[in-house]
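Hydrogens, waters and symmetry mates play no part in the numbers below; they use all other heavy atoms, side chains included.
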Amino acid sequence: MRLGKRWSVLLLLLLELSAMAQKLPTRDEGLFQMQIRDKMLYHDSSVIPDGAEISGYLFRDTSKRYYFMVEEDNTPLSVMVTPCDAPLEWKLTLQELPEEASGQGSGESEPLEEQKEQTTVDEGTELFSYKGNDVESYVAVSTPSGLYELEILSTERDSNFKVYATTTPESDQPYPELPYDPRVDVTGLGHTTVTLAWKPTPTGFVMGQPVHYCVVINKEHNFKSMCAAEAKISADDAFMLAPKAGRDFSPFDFMHFGFGRSENGLGKDHGLMSNKISRPYAAKSKTLDIQKVCIGNKNIFTVSDLKPNTQYYFDVFAVNSATNTSTAYVGTFARTKEEARQKTVELKDGKVSEIFIKRKGSKFLRFAPVSSHQRVTLYVHTCLDAVQVQVRRDGRLLLSQNVEGVQQFQLRGKPKAKYLIRLRGSRKGASTLKVLATTRPSAKQPFPSLPEDTRIKAFDKLRTCSSVTVAWLGTQDPNKYCIYRKEVPDNYSDEQRRREQNQCAGPETRTKLEKVLCKYFHSPNLQKAVTTETITGLEPGKTYMLDVYVVGHSGHSVKYQSKLVKTRKYC
C-alpha cells in the first residue's frame, strides 16, 4: 500500500528527523535536550517532537495537522492537547507506514510528477476525538507503528493551544503531579481579603523537581489551564518585583511596589525581574480584570485590597520551573463580605462635635435642621492632616474640598432639607477634627480667626545664651494668644514633631512650667497685625520647641505651627 501525495514529502521528512530525534522505545537524552534547545528545528513545523510541549495558533475554521511517527509496534503513546482561548475540536488518526518507507530505506524522494499523480487510498483509522475546552489526553499502553495525524480545529475564534506527545510516558514527568486532593480551599474571608490554601504537589518534595505556584484572580470564571489565563493578559504587561519571602501582597495594589497606575510600564528606578523563574513575580493586566501572581513554593496565600461584596474566582497552577510546564488545581470562587454600614453621626445645631477618622477611612455626619432656614454655616477644624469634605443636600452635591486648619463654608438652605457630610481621612495617618453646623446667622464663630500664615518666626541676630525673640501674625479680631515652651533633645525628629502637631490639643494639655505668657492683640490694618515676644530664662546651647495658641470666645483654641529654636552655646 502506498501513501497519497499529501503524505509522501512529509513522510520523508519524518523519516529523516526520526533518525536523529527519536530512538524508540527509549531516547538519547543528551541528543534530545540539544535538539529541544534548538528552536529552529521545530519552529513552525508540523512535526511533534517526542517528549516536548509545543505551542500553536489556529485561525477560526482553519484546521491544522500535526504528525507523530512511531517506528515499532507495541509502543506506549500519550498525546495531550491544551486549549487556551477557545474550545477545540481535535482527532487523532493512525496511518500505517508503507513497507518501503522504513528506517532502513534509501530516503530517495519520488519525482514530483509521480507525487502529483498519486491519490490517497487510506484516510487512516480514527483513534480518538474530542470537542471542548478541557485539557484532554489520548493514552495507550501499546500502539502499532505508523504515522499518527493530529488534526485540530477552532470554530469559535482564533485561538492558541499546546500539544504534548511522548512514547515514554512512564519515564517522562514534564507536568507537576497533583496531590490526592487537588482542590483550592478558601480558609479566610474578609471584607477586602481572601486567604487560599492547597495541598502541595508531590512533584516537588518526592521527585525533587523545582516547582513553584502561580495564583490567578479574576471576576469572570475559573481557568482550566495556565495558557488560558495568560491568553487574557496582555503580552506587554509589566512584571514587578514581589515583596520579601513570607509576606503576602495584593496583585491589585500595585503601590506596594512603588508603581503608579500609569500605563507607561516601569519607572527608570525600577528594574525588571531577573530571568530566574523560581523568583516570585506578578503579572499585571492593564484592565485589572485578571491578575497572575507567582509566589514561590508556599501553598498559602492571602489576596488583599479586594472590593467588598464582590465575587472573585481563584485558580492555582503548579509550575515546573525547569520546563515551564504547568498543571491546574481545581479552582474555587468566593464573595468578599459586604462592607459594614458606618454609623452616621448626628450633628446638633450650634454644637461642636469631635470626630476621629482612621487612616484612609471615612465618616458620615448628618445635619437635619428642625426649622426652616435660608443658609447653613459649616465650620471644620482639622487637627492633623488635611481631610476631604463632601456635603450633599438631599442627595445633591454642594461641596467637595480638601480642608486643612480652620475653614468656614456658607451653604444655601432649603426648607426641610437634610445634609449628609462625608469626611475622608488622609493616606498618611489617622485624622481628628472638630465640626460645627448652624442655621443661626447671628451665632458667633466658635473657632478663632487665623491669618493665612500660621508660622512662628525666630530672629537669629537676637538669639542669646538665655533668650530668643520670636514673632507671629494676628488678625483684625481681638484674640487671646498664649505661648508655651518645652525643652527637647538635639536629635528631635520630624516624626516626633509631627505627632505633637495636633492643632486641637489646647493649652489645657500643657503644664504650668511650660507656659510663658498670654496676651491680647489685634490690628485693623492686617499689614500691621504682627506681634513679637522675647522668651527669657533659657539655658545655653539647648533646643526648645515653641507653641502659640490662639483662643476663641467660646474657649476653642487653635495652635500655630511649632517652632524649634536653639540658644547660643557661647556668649
Would you check if V330 and V184 make a side-chain contact, meaning some heavy-atom pair closer than 4.5 Å? no
Atom CD1 in I483, atom CG in L517: separation rounded to 0.5 Å? 6.5 Å
For a 4.5 angstrom cut-off between non-hydrogen side-chain atoms, does H191 reach E338? no
Rounded to the nearest 0.5 Å, what's the gap from OG1 on T325 to CG on N320? Could you check? 4.5 Å
Between F521 and Y481, is the ring pair (Phe, Tyr, Trp, His ring centres under 6.0 Å) condition met? List the steps. CA-CA 8 Å; F521 91 92; Y481 298 86; 4.8 Å; yes
pair T193-V303: side-chain heavy atoms closer than 4.5 Å: no
Could you check whether R510 pairs with D547 (Lys NZ or Arg NE/NH1/NH2 to Asp/Glu carboxylate O, under 4.0 Å)? yes
OG1 (T438) and CG (D349) are apart, to the nearest 0.5 Å, by 4.0 Å
When you check the side-chain N and O atoms of K519 and T531, is any donor under 3.5 Å from an acceptor? yes
Are T336 and K307 close enough that some pair of their side-chain heavy atoms sits under 4.5 Å apart? no
Y560 side chain near V550 side chain, heavy-atom distance below 4.5 Å: yes
Is it the case that the ring center of W198 lies less than 6.0 angstrom away from the ring center of Y213? yes
Looking only at heavy atoms, which two atoms of P369 and A417 are closest? And how far apart? CD-O, 3.5 Å
For a quick check under 3.5 Å, do Q410 and T377 share a side-chain donor-acceptor pair by atom type? yes
Taking only distance into account, with no hydrogens and no angle test, what donor-acceptor pairs under 3.5 Å do side-chain atoms of residues 418-425 form with protein atoms, sequence neighbours excluded?
from, atom 1, to, atom 2, distance (Å)
Y419, OH, H373, NE2, 2.9
R422, NH2, S362, OG, 3.4

Treating Y544 as the side-chain partner and E539 as the backbone partner, does any N or O pair qualify as donor plus acceptor under 3.5 Å? yes
Pairwise side-chain contact, M226 with C214, heavy-atom cut-off 4.5 Å (strictly under): yes
Indicate the atoms forming the closest heavy-atom contact of I456 with L546, along with that distance. CD1-O, 3.8 Å
Side chains of D490 and T543: any donor to acceptor distance under 3.5 Å? yes
Check whether any side-chain heavy atom of E533 lies under 4.5 Å from a side-chain heavy atom of W472, and answer yes or no. yes
Minimum-distance pair of heavy atoms, taken over all atoms of A229 and I290: O-CD1, 3.6 Å
For R463 versus R568, what's the shortest heavy-atom pair and its separation? O-NE, 2.9 Å
Separation between CZ of R359 and OG of S426, rounded to the nearest 0.5 Å: 8.5 Å
Would a line drawn from the ring center of H221 to the ring center of F223 be shorter than 6.0 Å? yes
Looking at CZ of F367 and CG of L411, how far apart are the two atoms once the value is rounded to the nearest 0.5 Å? 10.0 Å
Side chains of K337 and N309: any donor to acceptor distance under 3.5 Å? no
Does the side chain of T195 come under 3.5 Å of the side chain of T302 through a donor N or O and an acceptor N or O? yes
Is the F333 to Y312 ring centre distance short of 6.0 Å? no
By side-chain hydrogen bond (donor to acceptor under 3.5 Å, both in side chains), T464 pairs with (sequence neighbours left out) S467
S449 and T475: side chain donor to acceptor below 3.5 Å: yes
Test: E514 and K486 ion pair at under 4.0 Å: no
S557 and G506 have their tightest heavy-atom pair at OG-CA, 3.3 Å
Where the side chain of T310 meets the backbone of P308, is there a donor-acceptor pair that is under 3.5 Å apart? yes
pair L436-L378: side-chain heavy atoms closer than 4.5 Å: no
With sequence neighbours left out, the residues meeting side-chain hydrogen bond (donor to acceptor under 3.5 Å, both in side chains) with R375 are none
Answer yes when D394 and R396 have at least one side-chain N-carboxylate O distance shorter than 4.0 Å, and no when they do not. no
K232/E220 ion pair, N-O < 4.0 Å: no
From I355 CD1 over to L433 CG, what is the distance, rounded to the nearest 0.5 angstrom? 6.5 Å
Looking at every non-hydrogen atom in both residues, tell me the closest pair between Q401 and F409 and how far apart they are. OE1-CE2, 3.6 Å
